[in-house]
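Below is one structure, written out as structure tokens; comments come after it.
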Amino acid sequence: MLTAEENDLICRVEGEAPMGKLMREFWLPACLSEEVPSNDCDPVRVRLLGEDLVAFRDSDGRVGIVGEFCPHRRASLFFGRNEECGLRCLYHGWKIDVEGTVLEMASEPPESTFKDKIKHTAYPTREAGGFIWVYMGDKSRMPEFEPPLFAPTPETKVSILKVHVKANWAQCLEGAIDSAHSSSLHSTDMPPAMVGSSTATGTAWQRPSTDKAPRLQPEPTDYGFKYAAIRRPIKNSATHDYVRITHFVAPFTVLIPPNNVYNVSQMNAPTDDENSVLYIIAWTESGPGVDQEAWRKFTRMRVGIELDETYRKVDTRENNYGQDRQKMRLGDFTGISGFPHQDIVMWETMGSMANRTEERLGASDVAIVEFRRTMVKAVREFLEGKPAIGTQASRGPRPGLRSFEGVIPKTTDWRDLGKAGSATAAAAE
């Protein structure tokens, strides 16, 4: 278990919180490209690290991420007019561009130079992999933007689900690195089957194992850590293991073991101390993969059906998340449709920021312990003046980094699987 001080160190991101300062050393996912689809489209609210922002695409197609509140009288720019390469506040007509420059002050005399003395909050942005990325740290230390691991080339096929979660970013991310829970919580959506590896059918991810108690073996890396969840396969269990390898790439990305059609990644963007945004990405560099509509249908994360237009769930704690007890009696394990919804119920019912001092961890929680150890160490080293974890040129995530899953001979060292250029890496794509 964690101490209360360690729990705060990992979870809190607002204001002067050390984890929030560490997060600002990275390019963060601010919103989806689809939320700002065209020039002069509607602005979008964004909240990251406890800071209220507005995203907009200007008349030239540039995307800006600026402070939500006008520097004049603090009215919300979300309601402003997006026109002629700037966001114009409705209150007095002040106009802000993507770089935070005040272009016009309609309420000031024409000869006034007041606008030249004011700079509004604005952060650098990049667009890649279906996302708008933002850098909220010290610009003198701004790292070069690199394509996300799930979209190494512009040709990569990427499908994304987005949903707001009423829970701290860390307890959500821990779900992605907890391989043991999938054999119970997701057992209806990820059932055992006589298959050679994880197989996507369009309605389920079949797995070649009935083993619900994996042996977990973590290994620290420069970018975070990786671990293997080793289970008994249905066939050839005397000579083979079913191995699932997960990578945690600090501070908020997880490469989840793939299926036969696409790779899977998860990110948890910290909204504030008690809320986060979950992104789950299905991606492939070859083959058809899965398109956006099919991905959101499979995960029950369709805007206008399971989600409202702001990517918030229709089913919440107030209506018991739509749980169907009759379905449970008929064999559905949870009575909750869609594996991300099943996860979210677990995360949100822990409380907005889980009290980890009251947990009782077991052998299946080795990866959770490794995550916490890694991030507590990373924050403490950052406070000592060392570079943020994984940001040094020699320590960044390796190109071609991949997760892995498959049935392999017991004589194979799992640490050699999933490396760039290896046959096993190619098989996982």
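When reading the values below, keep in mind they use all heavy atoms of this one structure, side chains included, and skip hydrogens, waters and symmetry mates.
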Selection residues 157-166 - residue pairs positive for salt bridge (Lys or Arg N to Asp or Glu O under 4.0 Å), sequence neighbours left out: E35-K162
Write out all pairs satisfying salt bridge (Lys or Arg N to Asp or Glu O under 4.0 Å) with one or both partners inside residues 349-360, taking only residues at least two apart or from two chains. E174-R356, E359-R372
Test salt bridge (charged side-chain N to carboxylate O under 4.0 Å, His left out) applied to [X] - qualifying residues, sequence neighbours left out:
X    : value
D97  : none
R317 : none
R296 : E34
D413 : R415

Heavy-atom pair of closest approach, residues [X] and [Y]:
X    : Y    : value
T125 : I65  : CG2-CG1, 3.2 Å
I177 : A367 : O-CB, 3.2 Å
Q292 : S159 : N-OG, 3.2 Å
P340 : M301 : CB-CE, 3.6 Å
R402 : H247 : O-NE2, 2.7 Å
S198 : P258 : CB-O, 3.7 Å

Can you check whether F371 and F225 have ring centres sitting under 6.0 Å from each other? no
With sequence neighbours excluded, residues passing ring pair (Phe, Tyr, Trp, His ring centres under 6.0 Å) with [X]:
X    : value
H186 : H181, F339
F382 : none
Y242 : none

Any sub-3.5 Å donor-acceptor pair from [X]'s side-chain atoms to [Y]'s backbone N or O?
X    : Y    : value
T101 : L103 : no
N275 : D272 : no
R81  : R88  : no
D189 : A204 : no
N259 : R207 : no
N263 : T284 : no
T188 : F333 : yes
S276 : A167 : yes
S59  : E84  : yes
S403 : I256 : yes

Could you walk me through whether E384 and R380 satisfy the salt bridge (Lys or Arg N to Asp or Glu O under 4.0 Å) test, starting with their C-alpha distance in whole Å, then the side-chain angles of each, then the deciding distance to 0.1 Å, before giving a yes or no? CA-CA 6 Å; E384 293 170 358; R380 287 177 172 162; over 6 Å; no
Could you tell me whether K21 and E16 make a salt bridge, using a distance below 4.0 angstrom between a side-chain N and a carboxylate O? yes
Separation between [atom1] of [X] and [atom2] of [Y], rounded to the nearest 0.5 Å:
X    : Y    : atom1 : atom2 : answer
Q323 : D332 : CD    : CG    : 9.5 Å
R62  : N39  : CZ    : CG    : 10.5 Å
E306 : K297 : CD    : NZ    : 10.0 Å
D40  : R57  : CG    : CZ    : 11.0 Å

Looking only at side chains, do [X] and [Y] share a donor and an acceptor under 3.5 Å apart?
X    : Y    : answer
S76  : E68  : yes
T334 : K327 : no
T156 : T153 : yes
Y321 : Q342 : no
Q266 : N268 : yes

Scan residues 270-307 for pairs that pass ring-ring contact (aromatic ring centres under 6.0 Å, His included), counting only residues two or more places apart or in two chains. F131-Y279, W205-F298, Y262-W295
Is there any ring-ring contact (aromatic ring centres under 6.0 Å, His included) pair reaching into residues 56-82, and which pairs are they, with sequence neighbours excluded? H72-H92, H72-W94
Start with the C-alpha gap between R24 and E51, add the side-chain angles, then the distance that decides, and say whether salt bridge (Lys or Arg N to Asp or Glu O under 4.0 Å) holds. CA-CA 12 Å; R24 289 174 183 266; E51 192 168 340; 2.9 Å; yes
Indicate every side-chain donor-acceptor pair of residues 25-33 with a distance under 3.5 Å to a residue at least two apart or in another chain.
| residue | atom | partner | partner atom | Å |
| --- | --- | --- | --- | --- |
| E25 | OE1 | R141 | NE | 3.2 |
| E25 | OE2 | R141 | NE | 3.4 |
| E25 | OE2 | R141 | NH2 | 2.6 |
| W27 | NE1 | P143 | O | 3.0 |
| S33 | OG | E127 | OE2 | 2.8 |

List the steps, then state whether salt bridge (Lys or Arg N to Asp or Glu O under 4.0 Å) holds for R312 with D308. CA-CA 5 Å; R312 286 172 170 79; D308 68 17; 5.5 Å; no
